[in-house]
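Notes follow the structure.
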Amino acid sequence: FVRGTVRSQKPFPFYGAGKDEIESMDNINTGNAAEGILNALNPSSASKSMPMVALRGKVILPNVTTTFDVGRLKSLAAVNAAVDEQSLLFVSAQTDGSIEEPSPSDVFSFGCVCRIRHITRMPGENIRVSVDALYRAESVRFADEEGYFRVDVEECGPIVGDAIETEGYFRFVKSEL
C-alpha cells in the first residue's frame, strides 16, 4: 500500500494469483533457508560440520537464549563463517580459561549447537553474539580451517537419571519450601 492505494505489482508470487497462475505451493522456490531451519530443528544422528567457538568462563546449556562476547581472531572468523552458512555454531567451554590460543585438546568435546540470532559490534574489534542454544552435541573431529576451528558434531540426547532418585529429590525440595 502506498498512500492508501494498492500497488500494481504483486509483492508475493501467490498474492492475488488465480488457479491458473499457481497450481500448488511446490512451484514456489524457498531456497536453502527453509531447509536449513528444518535441519536445525530436527537434528539427525549423522554428524554435521560447523564452525566452533571456545568460550572462557561460560557454559551454554540447551534451550537457552544467551549472549557472549567474542574478541579472538579465531572466534571472530568462526562467527563470520557461521553467518555465511546457516548461522549454526558449535559453542564449547575451554578447559582452562587462561589460555589465549586454545588447541583442540584445550576445549571440552561436549557443547551446544547454537543458532546466531543477532550480532552487535562493540568498541574495538569485539562483537557481542546473541544465540539460541538448540541442542547438546559432541565434537567428533576438529579441523583448523582458514583461521578458525571447524568441527563435526553429533547430537547427544538428554541426560536422564534414575526415576526413583529424581522423585526423591523433588519430594525433598518440595518439603523444604
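These numbers come from a predicted model, not from an experiment.
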Would one find more than 12 heavy atoms of other residues, nucleotides or ligands at under 6.0 Å from atom CG of L73?
no
What closest approach, in Å, do F108 and Q94 show between heavy atoms, and which atom pair accounts for it?
CE1-O, 3.6 Å
Can you hop from I116 to L76 via hydrophobic side chains spaced under 4.5 Å?
yes
List in chain and number order the residues that pass salt bridge (Lys or Arg N to Asp or Glu O under 4.0 Å) with R150, two or more places apart in sequence or in another chain; answer none if no residue qualifies.
E85, E145
For the side chain of E155 and the backbone of Y135, is there at least one donor-acceptor N/O pair under 3.5 Å apart?
no
Donor-acceptor pair, S139 side chain versus S109 backbone, under 3.5 Å?
yes
Hydrophobic cluster membership, L88 vs V79, 4.5 Å side-chain cutoff
no
At their closest point, which heavy atom of A78 faces which heavy atom of P51, and how far apart are they?
O-CB, 3.4 Å
In terms of heavy-atom contacts, A133 and C114 come closest through CA-SG, 3.8 Å
Correct closest heavy-atom pair for P62 and C112 would be N-SG, 3.4 Å
Between OG of S87 and NE2 of H118, what distance do you get to the nearest 0.5 Å?
12.5 Å
Among residues two or more places apart or on two chains, list those pairs meeting salt bridge (charged side-chain N to carboxylate O under 4.0 Å, His left out) that have a residue in residues 119-135.
D69-R128, R117-D132
Please tell me whether L89 and I127 are part of a single hydrophobic cluster in this structure, the criterion being side-chain heavy atoms less than 4.5 Å apart.
yes
Does any N or O in the side chain of S75 come within less than 3.5 Å of the main-chain N or O of V53, such that one atom is a donor and the other an acceptor?
no
Worked verdict on F68 versus V91 for side-chain contact (heavy atoms from CB on, under 4.5 Å)
CA-CA 10 Å; F68 56 88; V91 179; 4.2 Å; yes
Side chains of V107 and M52: does their closest heavy-atom pair fall under 4.5 Å?
yes
Donor-acceptor under 3.5 Å (R72 side chain, A54 main chain):
yes
Which atom pair, heavy atoms only, marks the closest approach of F110 to C156?
CE2-SG, 3.5 Å
Short N-O contact, E100 and K74, less than 4.0 angstrom
no
Do you know which two heavy atoms are closest between K58 and L55, and how far apart they sit?
O-CB, 3.7 Å
Looking at side-chain heavy atoms only, is the closest gap between I119 and V83 below 4.5 Å?
yes
Counting only N and O atoms by type, is there a donor-acceptor contact under 3.5 Å from the side chain of S130 to the main-chain atoms of T67?
no
When clusters are formed by joining ILVMFWY residues with side-chain heavy atoms under 4.5 Å apart, either directly or through shared neighbours, do I60 and M50 land in the same one?
no
Treat each ILVMFWY residue as a node, draw an edge where side-chain heavy atoms are under 4.5 Å apart, and state whether F149 and V113 are in one component.
yes
